[in-house]
A.B. asks: 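Would you mind keeping the following structure in view while I ask a few things?
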Amino acid sequence: MKRLFSVLALVLSISIVLAACGSPAPAEPAPAAPAAPAETAPAPADGDSIHLVYWSMWNNTEPQAQVLEQGIRDFEARNPGVTVEINWAGREIRQTLSPAIDNGMQIDIFDEDTQRVNENWGNYILNLEKYYEESYPTTDGVPYKDVVMPALQSLSRSFSADGGLYTVGYQPFAFIFMYNKDHFADAGIASVPKTWEEFLDACEKLKAAGYTPLTSDNEYISGLFGYHLAKLKGPDFGTDLVNDASGALWDDPAVLEAAKAIEALAANGYFDRNAEGNIWPAGQQDIAIGTVTMYLNGTWLVNEIMGSTGPEFPWGSFNYPAVSGGVSGIEAANYGSQVFAINKDCAHPDKAFELLVHLTTGEWDAKLAQESFGVPVAGTTDWPVQLSEAKAVFESLTTLYPWVAGVESNTDVGPVVRQNVQRLAGGSITAEQFVANCKSGT
């Protein structure tokens, strides 16, 4: 008992400190509509009651939490005798989860991003391979692995120590070009570019039609250099580049080639004139008010600026194009998701996984995507209209790039790269100067 009180005190104290340092909580949203009455399964025999505890990364005011709670209560209604206790831990879960589990608190299910769950909390989680092979009430008689995105399963395996499946993905995202479809139509661009030559042609048509083709800001601009370089050299080169103590990799011709691609975009007047000095969220607001057409960002952008655009904004999306002589094309991108995991010490893992299937397929997968303007997990689920073009991108993904293709993975070098990409996009330095600055750390 003393041990339990100790961990509760620890969790509470951490939460209070973090809350004091954080921003004010958002306004409480309107109550979500109640779920439709559920068909219930037969009640379990006496003594068969199951109590699950779920710790969530969401705050209870966020749309994701609103939908997840509805889905969980629906699951309880369909499974008499099953109760699920929810702790809306928020992002503080990153500090509070480990001490709570280490001190023996019951936590059966928890969630966060794919990498953190698999790498930081890998010692706590259960291998789920056998569960992926089974079918469930919402999978229409087929194994769960055949219902959810293959890319998410590959992603989970890529972060686990042994290549196994330990997590269940949801709220997927991809880092791709988000654009204004009305601008494309007005400029006579009939299809999204798949090659760099087609991308340059689209930029020229947009400029001729009176639109500014591209924007970015200090938060995301490194991706323009990183992903172009990754198309040329593969997913690991950017990480190797910024962690090469000798500096020799900066002399690789592909580095200059990627820099020259951005230099040419600037020279042709394709960047917004404020791109060099843009501080986030300036770039996304350029998109929201319709002054700029394209912005390399995450599919989360739709939800992030919904308050500015409204739901009727003509969103389109496409992957970073393939480049001539490159080693990867539109099958490669940075993508990811949030994930659920089941504690390896969970007393009822079968029922816990059944709950996760319930939340990531069918009605609740669709509702979570619609309410958060996000990407659904199951291939049979309707996508929000704002992300309809992103569906083809996700279906084509087979190669994972790290965040900005690794060019910010070294915390000393990353800021230098970011600053110089902005200067390159603004036209204040040449591609050669970019390489020299990054190599010298200036």
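Positions are given from 1, in the same order as the sequence printed here.
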A.B. asks: For Val117 and Phe340, run side-chain contact (heavy atoms from CB on, under 4.5 Å): C-alpha distance rounded to whole Å, both residues' side-chain angles, the deciding distance at 0.1 Å, then the answer.
C.D. replies: CA-CA 8 Å; Val117 171; Phe340 296 108; over 6 Å; no

A.B. asks: Could you pull out all residues at least two apart from Glu354 that satisfy salt bridge (charged side-chain N to carboxylate O under 4.0 Å, His left out)?
C.D. replies: Lys351

A.B. asks: Any sub-3.5 Å donor-acceptor pair from Asn319's side-chain atoms to Ala332's backbone N or O?
C.D. replies: yes

A.B. asks: Who are the side-chain hydrogen bond (donor to acceptor under 3.5 Å, both in side chains) partners of Asn410, not counting sequence neighbours?
C.D. replies: Asn243

A.B. asks: By side chain to side chain contact (heavy atoms under 4.5 Å, CB included), which residues pair with Thr212, not counting sequence neighbours?
C.D. replies: Asp272, Val292

A.B. asks: Is it true that Asp365 and Tyr170 share a donor-acceptor pair across their side chains at a distance under 3.5 Å?
C.D. replies: no

A.B. asks: Side chains of Val53 and Ile86, heavy atoms from C-beta outward: is any pair under 4.5 Å?
C.D. replies: no

A.B. asks: In Å, rounded to the nearest 0.5 Å, how long is the span from CD1 of Ile107 to CH2 of Trp55?
C.D. replies: 4.0 Å

A.B. asks: Which distance, rounded to the nearest 0.5 Å, do you find between the CG of Asp113 and the CG of Leu155?
C.D. replies: 9.5 Å

A.B. asks: Can you tell me if Glu112 uses its side chain to pair, donor with acceptor, with the backbone of Val339 under 3.5 Å?
C.D. replies: no

A.B. asks: Between the side chain of Thr114 and the main-chain N/O of Ser337, is any donor-acceptor distance below 3.5 Å?
C.D. replies: yes

A.B. asks: Can you check whether Phe75 and Trp364 have ring centres sitting under 6.0 Å from each other?
C.D. replies: no

A.B. asks: For Gln370, what residues pass the side-chain hydrogen bond (donor to acceptor under 3.5 Å, both in side chains) criterion, not counting sequence neighbours?
C.D. replies: none

A.B. asks: Is there a donor-acceptor pair under 3.5 Å between the side chain of Glu198 and the backbone N or O of Lys194?
C.D. replies: yes

A.B. asks: Quick one: which residue pairs count as a ring-ring contact (aromatic ring centres under 6.0 Å, His included) with a foot in residues 83-108, not counting sequence neighbours?
C.D. replies: none

A.B. asks: Counting N and O atoms only, with roles assigned by atom type, does the side chain of Gln106 sit under 3.5 Å from a partner on the main chain of His51, one being a donor and the other an acceptor?
C.D. replies: yes

A.B. asks: Keeping the roles fixed (side chain from Arg91, backbone from Met57), state whether a donor-acceptor pair exists under 3.5 Å.
C.D. replies: yes

A.B. asks: With sequence neighbours excluded, what pairs up with Gln115 under the side-chain hydrogen bond (donor to acceptor under 3.5 Å, both in side chains) test?
C.D. replies: Glu119

A.B. asks: Could you tell me which residues satisfy ring-ring contact (aromatic ring centres under 6.0 Å, His included) with Trp403, sequence neighbours excluded, listed by chain and number?
C.D. replies: Phe175

A.B. asks: Nearest heavy-atom pair of Gly290 and His183: which atoms, and what distance?
C.D. replies: O-CE1, 3.2 Å

A.B. asks: Which heavy atom of Thr361 sits nearest to which heavy atom of Thr139, and what is that distance?
C.D. replies: CG2-CG2, 4.4 Å

A.B. asks: Per the side chain to side chain contact (heavy atoms under 4.5 Å, CB included) rule, which among Glu129, Lys145, Glu133 passes with Leu165?
C.D. replies: Glu129

A.B. asks: If the condition is salt bridge (charged side-chain N to carboxylate O under 4.0 Å, His left out), which residues does Glu371 pass it with, not counting sequence neighbours?
C.D. replies: none

A.B. asks: How would you list, by chain and number, every residue that makes a side-chain hydrogen bond (donor to acceptor under 3.5 Å, both in side chains) with Glu257, sequence neighbours excluded?
C.D. replies: none

A.B. asks: With a 4.5 Å limit on heavy-atom distance, are the side chains of Leu301 and Gln284 in contact?
C.D. replies: yes

A.B. asks: For the aromatic rings, using the six-membered ring if either is Trp, is the centroid distance between Tyr335 and Tyr401 under 6.0 Å?
C.D. replies: no

A.B. asks: With a 3.5 Å distance limit and no angle check, can you tell me whether Lys231 reaches the backbone of Gly329 through a side-chain donor-acceptor pair?
C.D. replies: yes

A.B. asks: Using only heavy-atom distances, determine whether the side chains of Asp350 and Tyr131 contain a donor-acceptor pair under 3.5 Å.
C.D. replies: yes

A.B. asks: Test side chain to side chain donor-acceptor pair (under 3.5 Å) on Asp345 and Tyr124 and set out the steps.
C.D. replies: CA-CA 8 Å; Asp345 295 326; Tyr124 301 129; over 6 Å; no

A.B. asks: Salt bridge (Lys or Arg N to Asp or Glu O under 4.0 Å) between Lys391 and Glu395: does it pass, once the steps are laid out?
C.D. replies: CA-CA 6 Å; Lys391 188 173 190 294; Glu395 290 174 345; 2.5 Å; yes

A.B. asks: Run the salt bridge (charged side-chain N to carboxylate O under 4.0 Å, His left out) test against Arg73 and tell me which residues pass, sequence neighbours left out.
C.D. replies: Glu69, Glu76

A.B. asks: For Tyr132 and Val148: C-alpha separation, side-chain torsions, deciding distance, then whether side-chain contact (heavy atoms from CB on, under 4.5 Å) applies.
C.D. replies: CA-CA 10 Å; Tyr132 270 82; Val148 296; 4.3 Å; yes

A.B. asks: If you look at every heavy atom in Trp121 and Ile93, which pair is closest and at what distance?
C.D. replies: CZ2-O, 3.7 Å

A.B. asks: If you round to the nearest 0.5 Å, how far is CG of Leu229 from OG of Ser222?
C.D. replies: 12.0 Å

A.B. asks: Checking the side chain of Gln422 only, and the main-chain atoms of Glu276 only, is there a donor and an acceptor separated by less than 3.5 Å?
C.D. replies: yes

A.B. asks: Taking all non-hydrogen atoms of both residues into account, name the closest pair between Val375 and Phe394 and its distance.
C.D. replies: CG2-CE1, 3.8 Å

A.B. asks: Please determine, by modelled atom types, if Asp111 and Tyr54 share a side-chain donor-acceptor pair under 3.5 angstrom.
C.D. replies: yes

A.B. asks: Parallel under 30°, tilted from 30 to 60°, perpendicular over 60°: which one fits the rings of Trp196 and Phe199?
C.D. replies: parallel

A.B. asks: Restricting to side chain to side chain contact (heavy atoms under 4.5 Å, CB included), what partner residues turn up for Ala275, sequence neighbours left out?
C.D. replies: Phe271

A.B. asks: How many angstroms lie between OG1 in Thr293 and CZ in Phe177, if you round to the nearest 0.5 Å?
C.D. replies: 12.0 Å

A.B. asks: Keeping Glu331 on the side-chain end and Thr399 on the backbone end, is there a donor-acceptor pair under 3.5 Å?
C.D. replies: no

A.B. asks: Under a 3.5 Å cutoff, is there a donor and acceptor pairing between the side chains of Asn297 and Trp300?
C.D. replies: yes

A.B. asks: Taking it one step at a time, do Ile109 and Asn343 satisfy side-chain contact (heavy atoms from CB on, under 4.5 Å)?
C.D. replies: CA-CA 6 Å; Ile109 300 167; Asn343 191 329; over 6 Å; no

A.B. asks: What are the two closest non-hydrogen atoms of Ala202 and Ile189, and how far apart are they?
C.D. replies: O-CD1, 3.6 Å

A.B. asks: Output yes when Lys367 and Glu363 qualify as a salt bridge under the 4.0 Å nitrogen-oxygen rule, no when they do not.
C.D. replies: no

A.B. asks: If you look at every heavy atom in Leu397 and Ala333, which pair is closest and at what distance?
C.D. replies: CD2-CB, 3.7 Å

A.B. asks: Who are the salt bridge (charged side-chain N to carboxylate O under 4.0 Å, His left out) partners of Glu389, not counting sequence neighbours?
C.D. replies: none

A.B. asks: Flag yes if more than 12 heavy atoms outside Asn123 fall under 6.0 Å of its CG atom; otherwise flag no.
C.D. replies: no

A.B. asks: Do the side-chain N and O atoms of Thr360 and Tyr144 include a donor-acceptor pair separated by under 3.5 angstrom?
C.D. replies: yes

A.B. asks: Could you verify whether a donor N or O on one side chain and an acceptor N or O on the other, from Thr167 and Ser156, lie under 3.5 Å apart?
C.D. replies: yes

A.B. asks: Is a donor on one side and an acceptor on the other found under 3.5 Å between the side chain of Glu62 and the backbone of Asn59?
C.D. replies: yes

A.B. asks: Nearest 0.5 Å, what's the CD1-OH distance between Ile287 and Tyr295?
C.D. replies: 8.0 Å

